[in-house]
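Heavy-atom basis, side chains included; hydrogens, waters and symmetry copies ignored.
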Amino acid sequence: QEPLPPKPHNIGEDEAALSAWKAEASEVYARNVQVAGQRTAFLQNLTTAEQLVEHLRFWLPIMLCGRSRTYPIPNFNHHVGDLTRGLILAGSSRPHDTPAAQRWISIHLANTWGFDSGSYDARVDWAHDNMSLAAEVAKDPCGTTDVWAKADKPWQFLAACEATINPEIASRLLVQVDGSCNGLQHMAAMGLDVVGGALVNLVPGPHPADLYAEVARVTHETVERVAGDQSEESQLAREILASNILDPKLGFARKLCKRPAMTKSYRVSDIGVRDQVKDEMRKNGIERKQAARFSQFLGPVIQAAVGDRCPKANEIMDWFVECGKLMIDDDPCRAIGWTTSLGWRCEQPYRTRPRRHTIKTLLQEFNLGVTDAECPVARRKQLNGLTANVIHSEDGTHKLTTGLRCKDAGIAFADIFDCFQSHADDMPLLNHLLRSEFVNQHATDRLQCLHDEWKADTGLDLPPPPPRGSLDLNGIMQSDYFFN
C-alpha cells in the first residue's frame, strides 16, 4: 500500500499545515482503499474463472432495468472490466482463418493495445508490424508482463495475443466494437444534427472522427483567448497554458476532455465536470491544489466547448427539462414516463416523502416507508435524470433490437451497453445489423413521439421539439467508424 505522507513538524500549531496534511492523507487513504477493493475483486474473479474453466460452457443470466438496459446478474461477468472480458470466450467456435476473421483479430489487437484512433487499415498494419511481439507475449505471458501491462486494455490485449498463435482461442475470441460517444450519437440522430453527427461518426469518412480531440482544440483556443485579455482569469489561463496540459502534441488534453464529452448527453452538472477534470489531472500527477484551481476554470470551458461542437444536444436537453417542469408543475405526483420504440414503458422512480406505516410486533415496532403513486415526485431528480434516462432507453432499445437480429442471423452477440461483441468472422455481419437497426430506430422522429405521448398523457400544451436538421441517417450504413 502507498504510505501516508509524513506529518509536518508544526502540525500541532499550524492549522493550515494540519488541513493540508489531512487533505493529502485523505487522498492516499482513499487510493489504498480502492486498490484493496480492486485486489479482492481480482482474486475473486480469478477463483471463479478457475472453477468455470472445468466446464465446456456456462451461461450468464441477465436482468433488464426500467430503461430496458441489460445487466448480467452473476458477479463474474463481462461488464465487470478488462480482466473478465479478457478471460471470457464465446461458448461456440467460428472459423478463425478467413480473411474477415484475420482482419478483425488484427483490428482487435490494435484496439486493445490503445491504437484505436487510426483507420482500420492503419490498425491492421500496426498489428502486422507487431505480430512477433504478440507471439512472444502469448508464448510467455509471465515473462513479458512489462510489455502487455502497458496496453490500454492489458488483459484483453493478452487474449488477443493468444489468439494470434492459438487457433482454439482465435475461433472463440469475442471481438468488440464501441459506439463513438454513443449518447451523443443518439441525440444527433434524434435531432438530425449534421454538425454533431459528423463528430460522432454518423457521417462516412476515411478516418474516425474524434469529438474529444475537437473539444480539446476548442478548449485550447478559449484558454488562449482568455490568457490574452485583461480579465481576472487571464493569469490563471496563462498558468494553464504554461503547464502544457492543453498541448495537443502531448495527448493529455484529449484525455482531459473525454469524460465531460461522454457524459454531456447525460446532463452532467458543472460540479460533475469540474470533478472529472480534477480527477484526470490527479491521475497524471498534477499537484492537488493546482488541479483544484485549474479544474475550477477548465470545467465550464470544456462544457461550453462540447456545447459549441454539439449545439443540437443543448437544444434537446433544454426541451426535455422545459417539458419536465410543465408536467411536474401540473401534477406533482405524476412521474415522468415514456414508451420506447420497442413498446417498453419507462418511468422515473424518483419520489420524495414516502408514506409511513407503523408495524407493531411483540418485541418492537418500526416504521416502514412506502413509496407509491400518491407520493410527490422528487422534482430535481426527475428533471436532472430525464435526459440521461431517455438516452439510456434509446441505447437499450438499439442493443435489444441488434441482439434479436443477431439471434435470427445465427451469430453470437454480447454487449457492454454501447460495446457490441461477436466472433471475428461474424464482425462484418454484426456491423451491418447494428447500423441498420440504429437507422430503423431513428427513422421515426423520436422527439415528436415523446412530445405526442406526453401531450396525450397530460393534456398539456407542451412546447414543440427543437426543429430537426438535415442529417441523412442512411449515411450511417456507409460509415465504417460509426461503431469501431
Side-chain angles (χ1 to χ4, degrees), residues 2 4-5 15-35 38 152 181 183-184 199 210-311 313-314 317 380 384-385 387-388:
E2 184 180 351
L4 293 176
E15 284 282 335
L18 174 63
S19 178
W21 179 83
K22 281 184 175 181
E24 189 176 353
S26 176
E27 287 190 356
V28 174
Y29 178 79
R31 285 197 295 271
N32 286 339
V33 170
Q34 184 181 30
V35 169
Q38 290 172 341
D152 187 45
C181 204
L184 286 174
L199 287 172
D210 193 341
L211 173 64
Y212 312 133
E214 180 64 15
V215 170
R217 183 189 66 78
V218 175
T219 300
H220 192 201
E221 290 178 353
T222 302
V223 175
E224 284 185 325
R225 186 169 62 252
V226 174
D229 62 30
Q230 300 301 317
S231 66
E232 295 179 0
E233 297 176 322
S234 58
Q235 177 58 37
L236 181 55
R238 286 192 286 271
E239 289 182 36
I240 292 173
L241 292 176
S243 70
N244 290 325
I245 61 174
L246 296 180
D247 188 339
K249 296 178 183 178
L250 301 180
F252 178 62
R254 183 182 183 277
K255 290 183 180 179
L256 208 61
C257 298
K258 183 174 181 177
R259 284 179 64 196
M262 287 177 64
T263 53
K264 170 68 174 178
S265 57
Y266 307 136
R267 201 174 176 81
V268 61
S269 67
D270 294 341
I271 295 175
V273 172
R274 183 196 66 194
D275 289 344
Q276 290 171 352
V277 174
K278 183 170 66 176
D279 290 346
E280 193 62 45
M281 288 182 180
R282 295 293 290 132
K283 287 179 186 176
N284 285 268
I286 296 177
E287 191 268 330
R288 181 178 57 82
K289 288 185 178 179
Q290 188 179 49
R293 291 175 63 241
F294 285 4
S295 63
Q296 193 77 30
F297 173 79
L298 284 175
V301 174
I302 294 173
Q303 203 166 25
V306 180
D308 178 73
R309 295 292 82 193
C310 303
N314 281 345
M317 288 190 291
R380 179 177 295 180
N384 288 344
T387 299

For [X] and [Y], work out which heavy atoms get closest and say how close.
| X | Y | result |
| --- | --- | --- |
| C257 | A216 | SG-CA, 3.6 Å |
| F294 | S243 | CE2-OG, 3.8 Å |
| M317 | T387 | CG-CG2, 3.5 Å |
| Y212 | M262 | OH-CG, 3.1 Å |
| A261 | L184 | O-CD1, 3.6 Å |
| P5 | V28 | CD-CG2, 4.0 Å |

Salt bridge present between [X] and [Y] (N-O < 4.0 angstrom):
| X | Y | value |
| --- | --- | --- |
| E2 | R31 | yes |
| R293 | E239 | yes |
| R217 | E221 | yes |

Distance-only, no hydrogens or angles: does the [X] side chain make a donor-acceptor pair with backbone N or O of [Y] under 3.5 Å?
| X | Y | answer |
| --- | --- | --- |
| S295 | A291 | yes |
| Q303 | V268 | yes |
| T263 | Y266 | no |

Output the distance between atom [atom1] ([X]) and atom [atom2] ([Y]), rounded to the nearest 0.5 Å.
| X | Y | atom1 | atom2 | answer |
| --- | --- | --- | --- | --- |
| S269 | N384 | OG | CG | 8.0 Å |
| T219 | R309 | OG1 | CZ | 10.5 Å |
| D279 | R259 | CG | CZ | 5.5 Å |
| K255 | K258 | NZ | NZ | 9.5 Å |
| I245 | N284 | CD1 | CG | 10.0 Å |
| I240 | Q235 | CD1 | CD | 10.5 Å |

N314 and K264: side-chain donor and acceptor closer than 3.5 Å?
-> yes
Given T222, V301, L256, the one that forms side chain to side chain contact (heavy atoms under 4.5 Å, CB included) with L246 | L256
Side-chain heavy-atom pair V223, F297 within 4.5 angstrom cut-off = yes
Is there a side-chain contact between L211 and C310 (heavy atoms, below 4.5 Å)?
-> yes
For the salt bridge (Lys or Arg N to Asp or Glu O under 4.0 Å) test, which of K278, K22, R282 pairs with E27?
-> R282
Which is it for L298 and M281 under the side-chain contact (heavy atoms from CB on, under 4.5 Å) test, yes or no, and what are the steps along the way?
-> CA-CA 11 Å; L298 284 175; M281 288 182 180; 3.5 Å; yes
For the pair D210 and R254, evaluate side-chain contact (heavy atoms from CB on, under 4.5 Å) and give the outcome as yes or no after the intermediate values.
-> CA-CA 9 Å; D210 193 341; R254 183 182 183 277; 2.8 Å; yes
